[in-house]
Protein chains: 2
Amino acid sequence: MQNILRDERPAIALDTASTAGIIGYRLRRAQLSVFQKFLATFDTLKLRPADYSVLVLIADNPGRKQTEIAEVLGIKRANFVTLVHGLEDRGLVERTPSSTDKRANALHLTTEGVAFLAHARRVHEAMEQELIDRLGGDKERTQLLALLDQLT
Amino acid sequence: MQNILRDERPAIALDTASTAGIIGYRLRRAQLSVFQKFLATFDTLKLRPADYSVLVLIADNPGRKQTEIAEVLGIKRANFVTLVHGLEDRGLVERTPSSTDKRANALHLTTEGVAFLAHARRVHEAMEQELIDRLGGDKERTQLLALLDQLT
DNA sequence: TATTGTTATACTCTATAACTATA
DNA sequence: TATAGTTATAGAGTATAACAATA
């Protein structure tokens, strides 16, 4: 019986039964854990979760205006400005004035953005598969998403 | 066929299939939703999720030092100072110098803190039950917690 | 009048470095 | 030397108000 801890007299573990039973608490811890994994995985690509979701949404909905993309992601349009400008400065996103509404910017991926996202999607797919493996398989993933949906 | 939206020509819904399939994204949205509910529920009690978890943990582990409570919650001890001082200023928590270690503060709930937490626990239990109902029952709650555990 | 993108700003949360007093 | 509590500070993320151009 070896002591894993450095401590000579390891403290008695705390009673965390109450917090462990709280759905919101467990949700938060799981979300932080998954986001940490995302940040580590995408560290070299300099992509944060919000950036990735924006790129994906623009790719799947080309030509939409900032407000539409922002709103569906739950991002305030004021905060979306900095985010999308950052992606534009990196040459991934194009903001072209809308032909039908001179106030609006139509969002598109650049050629570089398309290639970048293709790579990012592959990286993400590997990470996602690892999460699915941890859950136990596709059935469990579907179960989880359904349960999360009922909370949202 | 009535149009639910105010818009005369409602925009075509965005394709959100890609983001909807991302575990981390769905986790984040669910967590935000549950936390919003918590904030609304505890608005009058002026309790944030972190405050509540700290009170619960001190109640279940009286006499522990700040670092221990902070660490198990994943809060940096530097940030924990403001949090626990706030609870002390409200008369809910007592910071008494430890008898065995003059550097450490032993944390306890005050009499007022015990009563306050008893009330908060009842309020929280009602909220938790509502979440369980949304999930479909205790079996689904257990399922969700198990799945979240595998991600953490 | 209302909306789009924008700027400015403030508040919360989180992270790090450095100090003091004790161990 | 290392640890507990603390302070200061900086960086994200998020929220609101207000403005110019346009609808």
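What you see is a predicted model, and the numbers here were worked out from it, not measured in a lab. Note on naming: letters A, B, ... go to the chains in the order of the sequence lines (proteins, then strands), and numbering restarts at 1 for each one.
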* Between R28(A) and E68(A), who's closer to the 5' end of DNA chain C by nearest nucleotide? -> E68(A)
* Where the side chain of K102(B) is defined as all heavy atoms beyond and including C-beta, which of dT6(C), dA23(D), dA23(C) is the nearest nucleotide? -> dA23(C)
* To do: Please check the phosphate of dG5(C) (OP1 and OP2 only) for any side-chain N or O of T67(A) closer than 4.0 Å.
  => yes
* Verify, without hydrogens or angle tests, whether R29(B) (side chain) and L73(A) (backbone) share a donor-acceptor contact under 3.5 angstrom. => yes
* Asked: Does F80(A) have any ring pair (Phe, Tyr, Trp, His ring centres under 6.0 Å) partners at least two apart in sequence or in another chain, and if so, which?
  -> none
* **Lys/Arg-Asp/Glu bridge criterion (N-O < 4.0 Å) met for R77(B), E71(B)** => no
* Structure fact -> In whole angstroms, the gap separating C1' of dT3(D) from CG of N105(B) amounts to 13 Å
* Give the rounded distance in Å between these two atoms: CD1 of I69(A) and C1' of dT3(C). => 17 Å
* Provide, to the nearest angstrom, the distance between the CG atom belonging to L32(B) and the C1' atom belonging to dA15(D). => 14 Å
* In whole angstroms, how far is the P atom of dT7(C) from the CD atom of Q66(A)? -> 10 Å
* **Option among F35(A), Y52(A), F116(A) that satisfies the ring-ring contact (aromatic ring centres under 6.0 Å, His included) test with F42(A)** => Y52(A)
* At under 4.0 Å, does any side-chain N or O of K76(B) touch on OP1 or OP2 of dT14(C)? -> no
Kindly give the atom pairs (protein nitrogen or oxygen, nucleotide nitrogen or oxygen) under 3.5 Å for nucleotides 7-12 of chain D.
none

* Asked: For DNA chain D, whose closest nucleotide is more 5', that of I75(A) or that of R103(A)?
  -> I75(A)
* To do: Specify the residue among A104(A) and D101(B) whose closest nucleotide of DNA chain C lies further upstream toward the 5′ end.
  => A104(A)
* **Student check: side-chain heavy atoms of L151(A) and L27(A) closer than 4.5 Å** => yes
* Out of curiosity, E128(B) CD to E125(B) CD, how far, rounded to the nearest 0.5 Å? -> 8.5 Å
* Asked: Expressed in angstrom and rounded to an integer, what is the separation of L39(B) atom CG from dT12(C) atom P?
  -> 12 Å
* What integer distance in Å separates F80(B):CZ from dT16(C):C1'? -> 19 Å
* To do: Check for a donor-acceptor pair, side chain of T142(B) on one end and backbone N or O of D138(B) on the other, with a separation under 3.5 Å.
  => yes
* Structure fact -> Between CG of L83(B) and C1' of dT14(C) the distance, given in whole Å, is 12 Å
* Can you check the L87(B) CG to dG5(D) C1' distance for me, whole Å? -> 16 Å
